[in-house]
Structures are given as C-alpha cells and as structure tokens.
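We use all heavy atoms of the structure for the numbers below, so side chains are in, but hydrogens, waters and symmetry mates are not. Numbered from 1 within each chain, the chains take letters A, B, ... in sequence-line order. Everything numeric here is computed off the predicted structure, so don't read it as measured data.
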Amino acid sequence: MKMSISKSINRTDAKGKIWGETPYLGDIAFDNPLYVKTVRSNQSHARISAIHIPTLPEGYWVIDKSHIPGKNYMKTVVSDHPILAEDEVLYIGQPILLVAGPDREKVYGLSKEIRIDYEPLPAVYTLEESEKQGMVFTDYTLSKGNPVEAFSQAEKILQDEYSTGLQEHVYLEPQGMAAEFKEDTVFVYGSMQCPFYVEEALTEALNMPADKIRVIQTTTGGAFGGKEEFPSLIACHVAIATCVTGHPVILIYDRDEDILSTTKRHPSLVRYKVGLDKNNTLTVLDIDILYNAGAYAGISPVVLQRGIFSSTNVYNFQHIRVRGRNFRTHTVPSGAFRGFGAPQSIFAMEMLMHNIAISLGLEPIDFKMKHCLKQGDTSCTGGKIHDKIILPELLERALTLSEYRKKIQTHKPFTGIGLSLFLHGCGFTGNGEQTIRGKIILQKKGKDVLIKVSSVEMGQGADTILRKIVAHTLELPIHHVQCEVRDTGLIPDSGPTVASRTVMIVGGLLQKAAEEMKSRWDTEENLEISKVYHHPDFLVWDNDTFTGNAYPTYSWGVNVAEVAIDPISYAIQVKKITAVYDVGRAIDERTLRGQMEGGIVQGMGWATIEVMHADEGTLVQRTLTDYKIPTSTDIPDIVCDFIENPYEFGPFGAKCAGELPFTGPAPAIAAAVSNALGIPIKELPITPEKLLEMKNDED
Amino acid sequence: MVNGYHPKDLIEALKIRAEVSCIPLAGGTDLMVQNARGTGLSPNFDKPLLFVGHLPELRHIEKKEGFLHIGPSVLLSEMLSHPFIPETFKKAISQMASPPTRNLATLGGNICNASPAGDTLPFLYAMDAELILENHAFDRRIPIEEFICGPKQTELKSDELLTDILIPTTLFPVSYYKKVGQRRGMSLTKVSFHGLAEIVDGYVEDLRMAFGSVAPTVVRSRDCENSLIGEPVSTLKSRFNEIWELYEPSIQPIDDARSTATYRKNVCYNILKDFLTHLENIKEIYNE
Ligand SMILES: Cc1cc2nc3c(=O)[nH]c(=O)nc-3n(C[C@H](O)[C@H](O)[C@H](O)COP(=O)(O)OP(=O)(O)OC[C@H]3O[C@@H](n4cnc5c(N)ncnc54)[C@H](O)[C@@H]3O)c2cc1C
C-alpha cells in the first residue's frame with residue numbers, strides 16, 4: 001500500500017539552509033560589480049526644484065529618470081509608481097536617483113553629498129483626512145438582497161467601527177537585486193515571489209522584448225507578500241543601472257532602508273451599520289471598508305477586492321451592501337502581505353459579532369454559529385458554496401482541545417479566553433486564475449523528472465511539496481524529481497507565488513501531468529507534458545458586478561486564544577492558541593504545521609506587539625530595535641489540528657493553507673483580552689498603552 | 001578603515017589612553033550598533049578603538065571588605081552563572097537582550113553607555129554602587145549616581161577607564177524587580193524598577209527604590225525613601241497616595257518610539273503601589 005501523502009518527509013532545502021551552504025543573493029560573486037545606492041525623498045509631498053550633484057570620480061554614475069529607456073513606471077495592477085521620481089515626490093523614502101560605483105564606501109559617501117531642493121506641497125497623512133479630502137483611488141460597491149428594505153424592517157439598528165495598523169513583513173533576507181548584461185540579454189537576479197511580474201516590469205522599463213530579458217530567482221529568505229510586487233521596482237533599478245554603466249550591478253537593502261521604503265500591510269478602518277430582527281438575528285449589514293494604500297495605488301485594488309469579498313467572513317447574511325475604498329496618503333505605499341486584505345475585514349467582522357453577542361448577553365459562539373454559512377448557501381458575492389462545510393466539526397474539535405466551555409466559566413481576573421472563526425478564499429480573486437491560465441511543464445529523462453514552474457520556494461516549502469506531489473504520483477523516490485531553476489528563460493509561467501495558490505492550482509496541474517506521465521512511463525524514455533489551468537465550469541464570476549464565485553473554494557479555521565494580562569503593565573501574554581483547520585488534505589503534515597505555526601505567530605504579532613505608525617509621514621519605528629516582532633520567548637503554546645475534507649479539484653484533495661493561519665489569531669486574541677478585562681476591543685494592535693488608558697478611563 | 005589597539009594588560013591600555021584619543025570597546029554590543037552603517041560597510045568610528053574586553057585585570061568577580069567587586073569587562077552571561085551575584089540582580093540581567101548578546105555584553109559597557117534604559121543601573125543605584133576610574137597615574141572612586149550625568153553622558157575623562165564596580169554586600173530580604181518591554185525577549189525597557197527593603201518587626205529599616213527609563217537618568221528619590229524609613233509597614237498602603245506625590249515629580253518620562261509618557265507614569269504608579277503592597281505581604285509572612 002502507498003504511504004499517505006500527508007506523512008512528513010524532510011524538507012529538501014533544509015540541510016543547505018541549516019548548514020549555511022545555500023547561497024543567497026549577497027553570496028553571489030560578479031565580475032567587477034558596481035554597488036548601487038538609492039537616493040530618496042526626505043519629504044512627504046513636494047516638488048523637486050533642483051538637484052545638486054557633486055563632481056563624480058571616474059567610474060561613478062548618478063542615474064535619474066532620464067536614463068530610463070522605456071516607461072518611467074513600475075508595471076503592476078495600477079502602474080502609477082515611477083521607477084525614479086519625476087518632478088514630484090509623494091512619500092518619504094521614494095527613490096529619486098541611483099548612485100553606482102565600484103567602491104561601496106564612495107558610493108555611500110556620494111549619495112550623502114547629493115543635495116535636493118524641494119518645494120513642499122500639502123500632504124495628507126491619515127485615512128480620515130484623506131477621506132475628508134476625497135483622495136480616493138478605488139471605490140467598489142457590491143450588494144446582495146435588498147438592504148434598504150431590510151433596514152426598514154429591522155427591529156434594532158447598530159453602528160460600530162474597527163481599525164487595524166501598519167505591519168512590516170520582516171522577511172529574514174532584506175530586498176535585493178543584481179543585474180548584468182551578457183551579449184544582448186539582460187540578466188536580473190534576486191529575491192522574489194513572481195519572476196514573470198519582474199520580467200513584465202522590465203520589458204516596459206527597458207523597452208525590450210521579453211526574450212532579451214532573463215529573470216532568475218535566487219534563494220529567497222522569506223517574503224510574506226513583501227516580494228510580490230515590490231521587487232519589480234528594484235529590478236528596474238538594477239537593470240537600468242547595468243544598461244547605463246555596462247557593468248554588473250548589485251543593490252541590496254539594509255534592514256533600515258527596507259523598513260523605510262518597502263510596502264507594508266494596509267491600515268484599515270471598517271464601519272458598520274447593521275440590523276437585527278426580534279430573534280437577535282443579523283438580517284442586514286452595511287459595511288464600509290477603507291484601506292490606506294499609501295502614496296501609490298499599485299496592487300491595492302486587488303487587495304481591496306479580497307478585503308471586500310472576505311468581509312462577511314464565515315457568515316451567511318441575506319441582505320448586504322459592502323463599499324470598499326482605497327485612499328491615498330503621503331506615506332510609504334501599502335502592498336501585498338499574507339492574507340492580502342482579508343485579515344483586516346475579517347478581524348472587524350469577528351469583533352463585530354463578538355461585541356454584539358456580548359452586548360446582547362449571548363455567548364459569542366452561539367451567536368456566531370447561528371449565522372454560519374452552510375453548503376449550498378451563497379457568499380456575499382452571491383456565489384454558491386458547492387463544497388462541504390465542516391465548520392461545526394472544526395469548532396467542536398477546537399472547543400474540546402482547548403476546554404473552552406469550562407475555561408470561559410472559570411477564568412480568573414486578568415486572564416481570558418476568546419475564539420475566532422475564519423476562512424480564506426483559495427487561489428486568485430475573481431477571474432484571476434482564468435486570466436493567468438497558469439502553465440506547467442513536467443519533463444522525463446530516463447528515470448528522472450524535472451518540474452518546470454514559476455512558483456518559487458521562498459521558505460514556505462514549495463519545492464518539497466511540489467516534488468512530493470509528483471514523486472508520490474509517479475511512485476518515485478523524491479530525489480528523482482527536481483525543480484528547474486526559476487529562470488524565465490527556462491520555465492513556463494505557472495503564475496505568481498501568491499494567493500495561497502501554489503499547492504492547489506500549480507500542484508493540481510503537476511499531479512495531472514504526473515498521472516499522464518505515469519501511464520506513458522514504461523513506453524517513453526523522454527517525455528514532456530505540459531498542462532494549462534482550466535477553471536471548473538460550474539464556477540461563475542462577473543467582474544463588473546462582483547457577482548458569482550469570488551474563489552474556487554475556501555479553507556476554514558477556528559482559533560481559541562488564551563491570554564494573561566499583567567495587572568501592573570497591562571502587557572499581554574498570549575499563553576496558548578488552539579487551532580483547528582480544514583485545508584482539504586495535508587500534502588505534508590510537518591511543512592503544513594510550519595505554515596500554521598508561523599502564521600499564528602505573525603498574526604499574533606500584528607495583533608499585539610507589532611506597533612508601527614507614522615508621524616507626519618515619517619515612520620516612528622524605523623529599525624528592528626523599535627519595531628518588534630515576536631521572539632521565541634513570546635511564542636505561545638500552540639496546539640494545531642486538522643480535519644480532512646478533501647477538495648475534488650486540488651491535488652490529493654488539498655486546498656489553500658499559506659495565508660489562512662494569519663487571519664485567526666487577531667480576533668481570537670482580541671476576544672480573549674476583552675474577556676480578561678471586560679472591555680470591548682476594536683483596534684489593532686492591542687497595546688498595553690491603550691489598555692491602560694481604557695481601564696483608567698473606566699475608573 | 002577603523003584602527004584599533006589591543007593592549008596586553010591594563011597598564012598598556014592606560015598608557016594608550018593617556019597618549020591617544022580613543023574609544024574603549026568591551027563587548028561592542030552598544031558601540032557596533034550605534035555606529036553601524038550599511039551592508040558591507042565597516043562601522044564608522046571617528047577615533048581609533050581600544051579593546052578592553054579581554055583585559056585580565058577587568059574580569060574579576062570577588063568579595064573584599066564589605067564589597068562585591070565586579071570587573072567592568074565581566075560578561076553578563078558570566079554574572080548569571082556566578083554565585084556571588086545577588087539573585088535579584090541576576091533577575092534583571094536575565095531579562096536583558098538575548099543569550100548571544102549576553103555572551104558579548106559587559107557590565108562596564110552597560111554603565112558607561114549611560115542609557116536611561118540600561119537594565120543593570122536601577123539595581124546599582126539602589127545599592128549605592130561605586131565605581132573606580134583609573135588613568136595611568138591615579139585612580140578615583142565615585143558613586144554611580146555622580147558618574148552618570150545624562151543620556152550617554154558620564155564623568156569619564158578621556159584618559160580614564162572604568163576598572164572596578166563596587167557593590168556593598170548588604171543583603172536585602174525583600175527584593176522586587178520589574179521590567180516592562182514591548183515583548184518578552186530582546187526588548188529595550190519602557191519602564192523598569194528595582195526595589196529593595198529590610199523590614200524589622202514590622203517597621204521599615206531600610207528601603208531603596210530606583211526606576212529606569214522614566215527620566216534622563218535612573219530615578220531614586222532619597223527624600224521619599226527617607227520619609228518612609230522607620231515607619232510601620234502596615235501604614236504604607238493607606239499612605240500610598242501621599243508617597244506617590246512625593247515621588248511623582250522626579251518621574252519625567254517621554255513619548256518615544258517605544259511607548260508614551262502617560263503610560264510610563266501610570267506604570268510607575270502601579271509598580272510602586274505593588275511594591276509597597278508586597279512589603280506588607282512580606283510583613284504578614286514574618287508575623288506568622
Ligand atoms: C540585540 C541587543 C539587545 C540589547 N538589549 C539590552 C537590554 O535588554 N537592556 C540593556 O540594558 N541593554 C541592552 N542592550 C545594550 C547593550 O548590550 C548593553 O548596554 C551592554 O551591557 C553593553 O556592553 P558592551 O560591553 O557591549 O559595551 P560596548 O558597546 O563595548 O561599550 C559601551 C560603552 O561603554 C564604554 N566602555 C566600555 N567599557 C569601558 C571601560 N572599561 N571604561 C570606560 N568606558 C567603557 C564604551 O566606550 C561605550 O561608550 C542590547 C544590545 C543589543 C545589540
């Protein structure tokens with residue numbers, strides 16, 4: 001009998017990384033390279049009136065917008081971010097010039113000597129102010145049922161408001177790129193999630209065809225969405241610099257520079273007006289979602305879409321209207337970050353449900369479960385949920401494992417327990433998967449098989465998992481299955497490594513290809529099979545009206561958080577998180593647990609200790625001394641369990657898993673803090689400073 | 001390029017100190033961070049470095065004539081495993097930085113860095129610790145309170161080194177330490193407090209209270225302490241607001257990237273109250 005696919009194997013990348021043998025970008029040697037340093041805006045919003053450049057020693061360059069062969073913007077969803085500033089700068093840290101030269105010391109020195117004169121322009125820093133001034137990038141509305149009439153029939157109408165803050169990715173390896181010219185082709189190397197995004201951006205910036213550009217992913221030390229769209233910008237920087245100078249160039253950010261200038265999680269504000277009937281059932285919701293996109297729109301429209309489509313979380317409401325808006329502020333642009341807009345709107349919804357239940361004197365679990373989606377119900381976009389929903393089983397398991405019902409009755413002062421329900425839409429939002437039409441190639445040479453995909457290993461275990469899917473299907477030892485280097489000259493575009501799509505979509509295609517290969521294995525020595533993604537026919541989507549199946553399917557989770565609060569400092573200690581998930585089926589249980597535990601810790605950081613705010617456009621927490629992420633001493637006891645619910649269209653029944661675990665901890669911890677102190681929590685991060693203030697206001 | 005001197009002993013170190021303007025470097029965990037520049041660039045020191053971490057004369061832990069002597073180049077990790085170091089001091093040290101940093105960081109570095117958030121300082125202030133400063137010809141003895149005059153400012157002269165730290169061996173039966181940081185490990189202090197007391201027959205015989213991170217230097221209100229010495233412990237709780245009024249003016253915290261002034265002040269209030277309540281609990285234990 002074949003072993004279960006879920007049985008853990010060693011990560012194929014573990015040994016090299018643990019031994020320090022795996023080279024990262026910074027370890028790669030180039031011939032006579034130049035080092036590049038970015039000169040940035042120190043103004044939130046200003047017109048550049050003059051640039052004073054010192055006399056440059058021989059072999060040193062200053063590169064500006066006039067050196068860009070193609071268009072001066074970074075290609076993404078909304079291509080509005082200039083590669084190098086034109087006459088205006090919109091945030092502190094915006095790239096204006098590049099200094100390149102052979103000696104790092106001199107390059108840094110020159111970059112400091114450059115003087116830029118600015119005429120300051122009025123700047124807007126907060127979401128509220130931006131709303132007042134109507135600085136809106138995107139404005140979407142969707143509705144279901146008849147909210148107007150439903151409000152008129154409501155027994156009770158409530159209003160509420162929730163907000164969340166900035167978050168920095170803190171991938172272990174800061175952003176970096178290198179480039180060189182070989183014959184007539186530009187080679188760009190770097191840490192990234194999406195080699196073809198980078199390639200596309202380069203074709204536009206360099207005004208060169210894609211076959212003259214090779215993008216090669218180097219070992220990527222973590223990404224979390226931070227290396228989704230942002231690397232395209234610095235890839236353009238190094239590619240332009242190599243074109244101008246004729247030398248290989250290297251650009252690697254320092255941690256502080258990375259914090260200052262790279263994208264962050266969107267701060268959010270969610271306003272509710274909701275109606276209840278006489279049975280205390282929520283019948284109608286009006287949800288107003290505001291995301292702070294920062295200075296440029298970039299990828300924010302899609303982040304906002306996921307935020308809107310996830311805004312009713314696991315609940316089934318008959319009448320809803322959701323409005324979602326992205327706003328401009330003169331702060332560092334927001335971008336992709338694990339969860340991609342969903343954690344913000346789900347936090348707000350979970351806390352709304354929690355707070356309404358508490359205010360009605362109901363147990364939050366009962367109030368929540370009364371509204372839960374069931375198989376055959378429709379989502380907020382009216383898409384029918386075709387798959388089996390096992391949320392009640394997940395909940396029961398979580399309640400049992402955590403002893404929630406006993407603990408909620410007996411908890412001591414300053415300790416609390418709280419629960420969250422959540423989901424994640426698997427794969428790209430809306431018609432994303434149909435547009436990308438991810439393509440994979442599986443090659444057989446004798447006894448060996450090569451996987452060709454653009455989905456990258458970035459620390460999450462993708463290489464191991466994809467190889468395992470193929471090896472398992474072909475019944476081969478895993479070392480006979482390898483992954484091709486992510487070099488756009490050698491691989492097809494299986495899509496970006498985002499949206500928790502790698503296993504379900506790309507792994508699914510690989511499984512199909514491997515099955516076909518198996519049937520031809522004995523007769524053909526060499527074989528190449530390619531597969532292109534086809535969306536299941538029964539899924540419908542209208543992108544103009546936002547109706548239909550926003551996602552092919554969903555993964556689900558339940559978290560129970562237990563906290564202890566220090567009565568003196570109000571510091572929150574998360575003692576334990578019990579987490580139960582439906583991700584279809586685990587391809588590898590240990591790697592999956594790694595994702596879950598990492599996601600829980602990152603979600604806990606967002607909810608509690610990761611404080612970041614800007615004062616008039618200047619980030620206050622600019623270094624890892626001041627911006628804190630959880631350390632090993634902060635990690636709670638984590639109990640993690642899965643209930644299988646295989647998905648017909650995923651490989652071995654697998655659905656999505658990478659982002660899901662991020663979403664659960666914040667609302668569970670907030671509910672637990674609220675339980676411990678008897679105060680409602682409506683804002684993230686939950687800091688001891690705010691708790692102490694709320695308690696003092698209460699007295 | 002950064003130049004450095006690696007003297008073989010203290011005499012040579014003090015000779016270099018007398019002749020060249022240089023920066024003493026023990027573990028470098030403050031200096032290297034403060035002077036770090038970009039990736040691939042060496043830190044930027046405007047003067048040559050004088051390495052002192054290895055000097056044998058600065059690495060002692062011994063008891064002599066009523067004092068515990070600790071060499072400034074003793075590592076924090078060495079202090080944690082040494083039997084002479086009071087447990088309550090170890091409690092503070094064990095919450096500093098992380099094990100790898102504690103394997104480099106020294107006590108002398110923490111003192112001479114003179115940060116209001118230096119975590120060894122409240123204990124040293126509370127204990128009336130004294131320092132020996134030496135140049136090639138003389139040495140002088142100075143209370144820590146006089147040595148540190150502001151953030152990053154000390155009385156150290158350009159030809160001197162800190163060569164010894166003296167802590168009276170007095171034992172306090174009641175001790176209390178609290179560090180409030182943003183997270184549990186590797187966190188600079190928002191507020192810290194070291195309290196020490198001796199209670200005899202229900203009366204306060206001796207009392208020391210020192211706060212870190214709430215003013216330019218560690219705060220120790222001797223007026224307040226003196227006003228409580230000789231008082232019955234049982235009255236401290238009811239008199240708390242009066243005590244707080246005496247203490248409060250010396251607590252002058254600021255808003256910064258780590259926290260707010262209001263929060264810091266509120267936490268000081270809670271800590272002081274908890275400490276004085278704690279004293280009473282100890283008294284109850286004595287009465288049993
Ligand atoms: C990651 C990290 C976490 C940290 N966490 C904490 C924390 O939680 N709490 C805390 O208090 N600190 C913390 N620190 C700061 C630092 O580790 C301590 O202050 C440490 O004790 C400094 O010792 P050092 O030997 O490394 O000092 P160095 O950097 O070598 O020197 C510091 C200063 O002391 C001077 N100096 C050193 N020795 C002598 C001498 N013999 N005579 C005269 N001058 C001298 C130096 O010239 C310099 O001005 C942290 C640092 C890091 C990097």
Side-chain angles (χ1 to χ4, degrees), chain A residues 26 35 37 103-109 111-112 174 176 250-258 566-574 604-605 608-613 615 618-636 685 687-693 695-696, chain B residues 1-2 29-30 33-34 36-44 94-101 115 117 176-193 195 213 253 255-278:
Chain A
Y35 296 96
K37 176 86 187 145
D103 182 60
R104 268 188 173 136
E105 192 85 35
K106 279 201 191 127
V107 169
Y108 271 59
S111 72
K112 293 235 155 59
I250 304 173
L251 171 63
I252 298 177
Y253 280 4
D254 305 329
R255 178 64 66 184
D256 297 359
E257 186 176 22
D258 195 301
D566 178 6
I568 293 167
S569 67
Y570 283 71
I572 303 162
Q573 189 186 358
V574 181
M604 178 189 93
T608 55
I609 56 188
E610 296 189 32
V611 178
M612 179 177 269
H613 52 87
D615 181 14
T618 305
L619 289 177
V620 178
Q621 293 78 12
R622 283 190 294 270
T623 66
L624 290 189
T625 306
D626 291 327
Y627 184 72
K628 303 242 174 15
I629 60 170
T631 65
S632 55
T633 54
D634 299 283
I635 295 178
T687 64
E689 282 78 4
K690 283 186 250 173
L691 292 179
L692 193 56
E693 195 183 313
K695 274 314 247 188
N696 280 347
Chain B
M1 273 291 284
V2 185
T29 61
D30 277 316
V33 176
Q34 286 156 12
R37 293 187 296 159
T39 304
L41 296 176
S42 51
N44 189 16
S94 68
Q95 293 177 51
M96 289 173 73
S98 58
T101 310
S115 160
Y176 180 110
Y177 180 68
K178 178 110 190 151
K179 167 170 172 163
V180 179
Q182 181 81 351
R183 62 181 170 201
R184 294 168 62 76
M186 283 275 280
S187 199
L188 293 183
T189 296
K190 291 178 183 179
V191 177
S192 69
F193 174 79
S213 253
D255 286 337
D256 64 11
R258 268 173 264 150
S259 190
T260 65
T262 315
Y263 173 77
R264 288 183 161 111
K265 199 151 215 171
N266 281 325
V267 172
C268 289
Y269 176 92
N270 289 350
I271 289 176
L272 207 60
K273 197 164 178 179
D274 190 50
F275 175 56
L276 296 175
T277 315
H278 181 102

*Test the Lys695(A)-Tyr570(A) pair against the cation-pi criterion, namely NZ or CZ under 6.0 angstrom from the six-membered ring centroid and within 45° of the ring axis.*
no

Under 4.5 Å to a heavy atom of chain A? For Lys178(B) that would be side chain

Gln621(A) and Ala257(B) have their tightest heavy-atom pair at NE2-O, 3.0 Å

The interface call for Val180(B) against chain A, heavy-atom contacts under 4.5 Å, is side chain

Under 4.5 Å to a heavy atom of chain B? For Pro688(A) that would be both

Highest number of heavy-atom pairs under 4.5 Å with chain A among Ala36(B), Gly40(B), Ser98(B) belongs to Gly40(B)

Sorted by chain and residue number, the ring-ring contact (aromatic ring centres under 6.0 Å, His included) partners of Tyr627(A) (sequence neighbours excluded) come out as none

The interface call for Leu692(A) against chain B, heavy-atom contacts under 4.5 Å, is side chain

Assert top hit (heavy-atom pairs under 4.5 Å, partner chain B, pool Ile609(A), Ile568(A), Thr625(A)) equals Ile568(A)

Would a 4.5 Å heavy-atom cut-off, applied to side chains only, mark Gln573(A) and Arg184(B) as touching? yes

Of Thr608(A), Asp615(A), Ile572(A), Ile629(A), the largest count of non-hydrogen pairs under 4.5 angstrom with chain B goes to Ile629(A)

Note: vs chain B, highest number of non-hydrogen pairs under 4.5 angstrom among Thr631(A), Val611(A), Asp634(A) is Asp634(A)

On a heavy-atom basis, the closest approach of Lys179(B) and Ser187(B) is NZ-O, 2.8 Å

Pair count under 4.5 Å, heavy atoms only, with chain B: among Asp566(A), Thr623(A), Leu619(A), Ile252(A), highest is Asp566(A)

Just wondering, do Leu188(B) and Arg258(B) contact through their side chains at under 4.5 Å, heavy atoms? yes

Across all chains, not counting sequence neighbours, the ring-ring contact (aromatic ring centres under 6.0 Å, His included) partners of Tyr176(B) are Phe193(B), Phe275(B), His278(B)

